[in-house]
2 protein chains.
Amino acid sequence: MKKLPKISESEWQVMRVLWKKSPLTANEIVEELAGNTNWKPKTIKTLITRLTNKGAIKFEKEGRLYKYHPAVSKDDCVRMERRSFVRRVYGGISKPMVASFLEDAELSADDIAELKKILDQKAEE
Amino acid sequence: MKKLPKISESEWQVMRVLWKKSPLTANEIVEELAGNTNWKPKTIKTLITRLTNKGAIKFEKEGRLYKYHPAVSKDDCVRMERRSFVRRVYGGISKPMVASFLEDAELSADDIAELKKILDQKAEE
DNA sequence: AACAAAGTATTACATTTGTAATCCAACGTC
DNA sequence: GACGTTGGATTACAAATGTAATACTTTGTT
């Protein structure tokens, strides 16, 4: 598994767009982000360039414009962020931490059932 | 509830020390961190100064030296980080997110039981 | 062919962060 | 009372980040 680049807060927004759907042109990314942010298109171009330099995304030329797509796996990046977050804030994964998430979470009955199943599996280990 | 300062990755280390035990002198903080980091004492002093400027910690002079203590609540800061993290990475709290934490977590039987209880409560809401 | 439009590349610039070193002031020691 | 030690204050400086603007280069249009 290759080494993951560090993705900043703003850059995550761009990555999330591309993980949802790709390849996209720069302008398509701008449009996707239009609702969620107030960034000027040029700002988004900058983020795209930086992500490219970091190796987080790649592109192919399609005629004269570029189609961008992720170069790193979302799961891997999420896992890295999660670990970093947990270490920083809780000093490690613990029950109080999971509990705090649960208190904020909006879960369906099915979700709850499934989480309980996971807990049961962990209980057996 | 007052507005919380943004606490950086390194600064969190200092805050965690003070939340665990305070007030402490700068040197006591340095000693507490000695095991976990390779920071020079001067580096830690810088972090303390910045946290003071941000209003995250306060101090009283005790003779010629300062005793530092948190000026913001750990719970509030943790909550803010959690929300920021979740929004950035998952776009909101969801079952897959909680599940991913559970998969990494090391939980005792009691922990598991308690989490299941929380889930049951959520099921009733 | 000249010009406008659209994309990409380059440059900008203040703030924050990581990681310290140096300066200054008070206190204890010889 | 001069001097070293110790702790806080000030200064340092590069990299990352947020947030763009300007420059350059194709390409479509008239």
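Residue numbers start from 1 in every chain, and the chains themselves are labelled A, B, ... in the order their sequence lines are given, proteins ahead of strands. Atom set for the values below is all heavy atoms of this structure, side chains included, hydrogens, waters and symmetry mates excluded.
Rounded to whole angstrom, the span from the CG atom of B/Leu24 across to the P atom of D/dG7 amounts to 14 Å. We find that CG of A/Leu65 is positioned 14 Å from C1' of D/dT25, with the value rounded to whole Å. Atom CD of B/Glu62 is separated from atom P of C/dA26 by 19 Å (rounded to the nearest Å). Put simply, CD on A/Glu9 is 15 Å from C1' on D/dT19, counting in whole angstrom units. Put simply, CD1 on B/Ile29 is 13 Å from C1' on D/dG8, counting in whole angstrom units. If you take NZ of B/Lys45 and C1' of C/dT17, they are 20 Å apart, rounded to a whole angstrom. Here the P atom of nucleotide D/dT26 and the OH atom of A/Tyr66 are 10 Å apart, to the nearest Å. Regarding B/Leu51, its CG atom lies at a distance of 10 Å from the P atom of C/dG18, rounded to whole Å.
A salt bridge is defined here as a Lys NZ or Arg NE, NH1 or NH2 lying under 4.0 Å from an Asp or Glu carboxylate O, and A/Lys95 with B/Glu114 meets this definition.
Ring geometry, A/Phe85 versus B/Phe85: the interplanar angle falls under 30°, so the pair is classed parallel (tilted spans 30 to 60°).
Contacts of B/Phe59 classified as ring-ring contact (aromatic ring centres under 6.0 Å, His included), with partners at least two apart in sequence or in another chain: B/Tyr66, B/Tyr68. Residues satisfying the side chain to side chain contact (heavy atoms under 4.5 Å, CB included) criterion with A/Arg83, sequence neighbours excluded, are A/Arg79, B/Asp104.
Heavy-atom distances under 4.0 Å link DNA chain C to B/Trp39, B/Lys40, B/Lys42, B/Thr43 of residues 30-44 of chain B, given in residue order. Annotation: proximity of residues 10-23 of chain B to DNA chain C (heavy atom, distance under 4.0 Å) is found for B/Ser10, numbered in ascending order.
Within 4.0 Å of A/Lys54, counting heavy atoms only, lie sugar-phosphate atoms of the nucleic acid but no base atom.
Of the listed residues (A/Leu47, A/Ile7, A/Asn36), just one forms a side-chain contact (heavy atoms from CB on, under 4.5 Å) with A/Gln13, and that residue is A/Asn36.
Shown here for B/Gly55 and B/Val72, the closest heavy-atom pair between the two residues is O-CG1, 3.9 Å. Between A/Lys45 and A/Ala26, the closest heavy-atom pair is CE-CB, 3.6 Å.
Of the two residues near DNA chain C, B/Leu47 and B/Arg64, the one whose nearest nucleotide lies more 5' is B/Leu47.
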Below 3.5 Å is the cut-off: list the nitrogen or oxygen pairs between protein and nucleotides 10-14 of chain C, distance only.
none

| message | Test salt bridge (charged side-chain N to carboxylate O under 4.0 Å, His left out) on B/Glu11 and B/Lys54; report intermediate values, then the result. | response | CA-CA 11 Å; B/Glu11 289 162 357; B/Lys54 289 180 180 184; 2.6 Å; yes
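Between D/dG7 and B/Thr25, no contact under 4.0 Å exists linking OP1 or OP2 to a side-chain N or O. A sub-4.0 Å separation between OP1 or OP2 of C/dA6 and a side-chain N or O of A/Asn27 is absent.
Under the 3.5 Å distance criterion, the side-chain polar atoms of B/Asn53 are left unmatched by any main-chain donor or acceptor of B/Arg50. Judged by distance alone, the side chain of A/Glu81 and the main-chain N or O of A/Val78 form no donor-acceptor pair under 3.5 Å. Looking only at distances, no side-chain donor or acceptor of B/Ser84 sits under 3.5 Å from a matching main-chain atom of B/Met80.
Applying the ring pair (Phe, Tyr, Trp, His ring centres under 6.0 Å) test to every pair with at least one member in residues 5-37 of chain B, sequence neighbours left out, gives these pairs: B/Trp12-B/Trp19.
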